[in-house]
S.K.: 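Below: one structure in structure tokens.
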Amino acid sequence: MSPDKKLSTVPPVRADTELPDGTVVRIRALLPSLPPAHRLLGEHILADPAAVSALTITEISAACGVSETSTVRFCRAIGFHGYAELRLALATEMGRAQGSGQYGRVVGSDITPTDDLSAVVEKIAYADARAVEETAAQLDVAVLEKVVDRLVAARRIDVYGVGASAFVAFDFQQKLHRIGRVAFAWSDTHIALTSAALLGKNDVAIGISHTGVTRDTIDALAEAGRHGATTVALTNFPRSPIARGADLVLTTAARETTFRSGATASRLAQLTVVDCLFVGVAQRTYPETRKALEKTREAIRPRRVSARGGRR
């Protein structure tokens, strides 16, 4: 890939990075990319952020079995000058959460084998709502705008995703197709690779992977990039392999749970970003979009059945 081809990458997290109300989200996103000692610290914080905000650097280091130097390095790795700044951020965020009644609610915890069905429903609804809220809060609007720019100008758009992410890919393709954009969604690896090989510099390829380590999606996106297409990654983890290989990266903020209710949360988070992209494209092409929506709506009108049983 040529130097001028790289439109935007995931920057290293600097000590002066602002993390308003998103420290826990940031730690969760970066956790897989951290070295073992730092991962221990991250997991300890995620388990009880409020408790950690009351610990000294000596206490948290001892609790995790790491040196104070490792703790300082961990803080810098996630965007803080040191532990004091991290501790203050956690205390501030937990205070706001407690003030709003969010932190400490049982619905914020994981689903257990002994939960009754009403608790399961409440916990899933809470996790799904938080995934959408936290995704919106941390979404980089500047990058989002760049992706919208490329989509509006694109000759053709390929969207890759397998497993649960395939549903999101097909949803995005259907949305774009309804407003007259030439878009294709591929979940079969061979078809995705062959399609990617036919893309060029006026095209856009989007790879959707919650974990960012799905080889099928990574390979298809890389193939598209080799042929000059703008590559976009949509993932929950900004330092994952798919993010490192993409021109532009959009991130979600969904957490996994024992019984995989997190799988639904991750899809909802991805769909939130997809909707933002779709509306952005529709706004830029409003006259054409309105005509296309009217035509497609009219085309499917005869397929609808009225409440009285007749066609409408």
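What you see is a predicted model; the values in this text were computed from it and never measured.
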S.K.: Taking the side chain as C-beta and beyond, is there a heavy-atom pair between L55 and Y83 under 4.5 Å?
M.R.: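 Heavy-atom side-chain distance check passes, below 4.5 Å.
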
S.K.: Going by heavy atoms in the side chains, are D171 and Q270 under 4.5 Å from each other?
M.R.: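 No, every pair of side-chain atoms sits at 4.5 Å or beyond.
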
S.K.: Determine, step by step, whether E85 and C75 satisfy the side chain to side chain contact (heavy atoms under 4.5 Å, CB included) criterion, reporting the C-alpha distance in whole Å, the side-chain angles of both residues, the deciding distance to 0.1 Å, and the verdict.
M.R.: CA-CA 8 Å; E85 189 179 6; C75 295; over 6 Å; no

S.K.: Just wondering, do T264 and I124 contact through their side chains at under 4.5 Å, heavy atoms?
M.R.: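 A side-chain contact under 4.5 Å is absent here.
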
S.K.: At their closest point, which heavy atom of S187 faces which heavy atom of V162, and how far apart are they?
M.R.: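 Answer, listing the atom of S187 first, then V162: O-CG1, 3.3 Å.
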
S.K.: Could you see if V273 belongs to whatever hydrophobic cluster contains V279? Use Ile, Leu, Val, Met, Phe, Trp, Tyr and a side-chain cutoff under 4.5 Å.
M.R.: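 Same cluster.
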
S.K.: Which residues pass the salt bridge (Lys or Arg N to Asp or Glu O under 4.0 Å) test with R284, sequence neighbours left out?
M.R.: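 R284: salt bridge (Lys or Arg N to Asp or Glu O under 4.0 Å) contacts with E145, D149.
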
S.K.: Do D115 and T112 have side-chain atoms, one donor and one acceptor, less than 3.5 Å apart?
M.R.: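 Yes, a side-chain donor-acceptor pair sits under 3.5 Å.
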
S.K.: For L30, is there any backbone N or O sitting under 3.5 Å from a side-chain donor or acceptor partner on R239?
M.R.: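 It does not hold such a pair.
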
S.K.: If two hydrophobic side chains count as joined below 4.5 Å and joins carry through other members, does L193 share a cluster with W186?
M.R.: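 L193 and W186: separate clusters.
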
S.K.: Whether the side chain of R181 engages the backbone of V152 through a donor-acceptor N/O pair (distance < 3.5 Å, no angle test) should be reported.
M.R.: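 Yes.
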
S.K.: Classify the side-chain pair S67/R73 by whether it contains a donor and acceptor separated by less than 3.5 Å.
M.R.: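 Result is no, nothing qualifies.
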
S.K.: Supply the atom-to-atom distance R39 CZ to I27 CD1, rounded to the nearest 0.5 angstrom.
M.R.: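 It comes to 14.0 Å.
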
S.K.: Can you name the nearest heavy-atom pair linking T231 to A246, along with the distance?
M.R.: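 Where T231 meets A246 most closely, the heavy atoms are OG1-CA, 3.5 Å.
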
S.K.: Could you go step by step and tell me if V249 and V143 meet the side chain to side chain contact (heavy atoms under 4.5 Å, CB included) rule?
M.R.: CA-CA 7 Å; V249 180; V143 175; 5.7 Å; no

S.K.: How about H44: does its NE2 atom have over 12 heavy atoms from other parts shown lying under 6.0 Å from it?
M.R.: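 Result for NE2/H44: enclosed.
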
S.K.: Between the main-chain N or O of V168 and the side-chain N or O of R267, is there a donor-acceptor pair closer than 3.5 Å?
M.R.: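 No, because the side chain of R267 does not come within donor-acceptor range (under 3.5 Å) of the backbone of V168.
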
S.K.: Just by modelled atom types, is the I191 backbone N or O under 3.5 Å from a matching donor or acceptor in the T194 side chain?
M.R.: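 At least one qualifying donor-acceptor pair exists.
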
S.K.: Looking at N236 and A254, would you say the former's side chain and the latter's main chain have a donor-acceptor pair under 3.5 Å?
M.R.: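 Present.
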
S.K.: So, T214 side chain and D216 main chain: donor-acceptor pair closer than 3.5 Å or not?
M.R.: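 No, the answer is negative, given that no donor and acceptor are paired below the 3.5 Å cut-off.
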
S.K.: What are the two closest non-hydrogen atoms of A154 and V204, and how far apart are they?
M.R.: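 Shortest heavy-atom separation between A154 and V204 comes out as CB-CG2, 3.8 Å.
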
S.K.: Determine whether a donor-acceptor pair (N or O, by modelled atom type, separation under 3.5 Å) exists between the side chain of Q138 and the backbone of T251.
M.R.: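 Indeed, once roles are kept as given, a pair shorter than 3.5 Å links the two residues.
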
S.K.: Minimum heavy-atom separation for S165 and S209, please, with both atom names.
M.R.: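 Minimum heavy-atom separation between S165 and S209: OG-CA, 3.9 Å.
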
S.K.: With side chain to side chain contact (heavy atoms under 4.5 Å, CB included) as the test, would you mind laying out the steps for V213 and F237 before giving the verdict?
M.R.: CA-CA 9 Å; V213 298; F237 302 100; over 6 Å; no

S.K.: For a 4.5 angstrom cut-off between non-hydrogen side-chain atoms, does L151 reach I206?
M.R.: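 The answer is yes, as the side chains (C-beta and beyond) meet within the 4.5 Å cut-off.
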
S.K.: Between V182 and Y160, is there a shared hydrophobic cluster once you connect ILVMFWY residues whose side-chain heavy atoms come closer than 4.5 Å?
M.R.: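 Same cluster.
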
S.K.: Distance check, rounded to the nearest 0.5 Å: T71 atom OG1 versus I60 atom CD1?
M.R.: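 So the gap between those two atoms works out to 6.0 Å.
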
S.K.: Decide yes or no on salt bridge (charged side-chain N to carboxylate O under 4.0 Å, His left out) for R226 and E223, but give the supporting numbers first.
M.R.: CA-CA 5 Å; R226 278 192 289 272; E223 181 69 20; 2.7 Å; yes

S.K.: Quick one: does any side-chain atom of D275 pair with a main-chain N or O of T272 as donor and acceptor, under 3.5 Å?
M.R.: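 Looks like no, no N/O pair under 3.5 Å.
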
S.K.: Show the nearest heavy-atom pair for residues C276 and L144, with the distance to one decimal.
M.R.: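 Closest approach of C276 to L144, heavy atoms only: CB-CD2, 4.1 Å.
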
S.K.: Decide whether L176 and L250 are clustered together by the hydrophobic rule: side chain heavy atoms of Ile, Leu, Val, Met, Phe, Trp, Tyr closer than 4.5 Å, transitively.
M.R.: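 L176 and L250: one cluster.
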
S.K.: Run the numbers on V72 and I57 for side chain to side chain contact (heavy atoms under 4.5 Å, CB included), then give the verdict.
M.R.: CA-CA 8 Å; V72 172; I57 187 171; 3.7 Å; yes

S.K.: Could you give the distance from CD1 (I242) to OG1 (T235), rounded to the nearest 0.5 Å?
M.R.: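 Reported to 0.5 Å precision, the distance equals 6.5 Å.
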
S.K.: For the residue pair V232 and L277, establish whether any side-chain heavy-atom pair is separated by less than 4.5 Å.
M.R.: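 The answer is no; the side chains never approach within 4.5 Å.
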
S.K.: Closest heavy-atom contact between S195 and R156?
M.R.: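 Shortest heavy-atom separation between S195 and R156 comes out as OG-NH2, 2.5 Å.
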
S.K.: Between E298 and K295, is there a side-chain N and carboxylate O pair less than 4.0 Å apart?
M.R.: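 Looking at E298 and K295, the cut-off is not met.
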
S.K.: At what distance, to the nearest 0.5 angstrom, does CG of D203 lie from OG1 of T230?
M.R.: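 Those atoms lie 8.5 Å apart.
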
S.K.: Counting only N and O atoms by type, is there a donor-acceptor contact under 3.5 Å from the side chain of T135 to the main-chain atoms of A253?
M.R.: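 Side chain of T135 to backbone of A253, a donor-acceptor pair under 3.5 Å: yes, one is there.
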
S.K.: With a 4.0 Å cut-off on N to O distance, would you call R290 and E294 a salt bridge?
M.R.: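 Between E294 and R290 there is a salt bridge, with a charged N closer than 4.0 Å to a carboxylate O.
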
S.K.: Keeping the roles fixed (side chain from S53, backbone from A50), state whether a donor-acceptor pair exists under 3.5 Å.
M.R.: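 Yes, because the side chain of S53 sits within donor-acceptor range (under 3.5 Å) of the backbone of A50.
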
S.K.: Can you tell me how far apart CZ (R155) and CD1 (I157) are? Round to the nearest 0.5 Å.
M.R.: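 It is 11.0 Å, given to the nearest 0.5 Å.
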
S.K.: For atom CZ of F170, decide whether the heavy atoms of other residues, nucleotides or ligands shown that lie under 6.0 angstrom number more than 12.
M.R.: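 Check passes, neighbour count above 12.
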
S.K.: Can you measure from CZ (F80) to CG (L90) and round to the nearest 0.5 angstrom?
M.R.: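 That separation rounds to 7.0 Å.
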
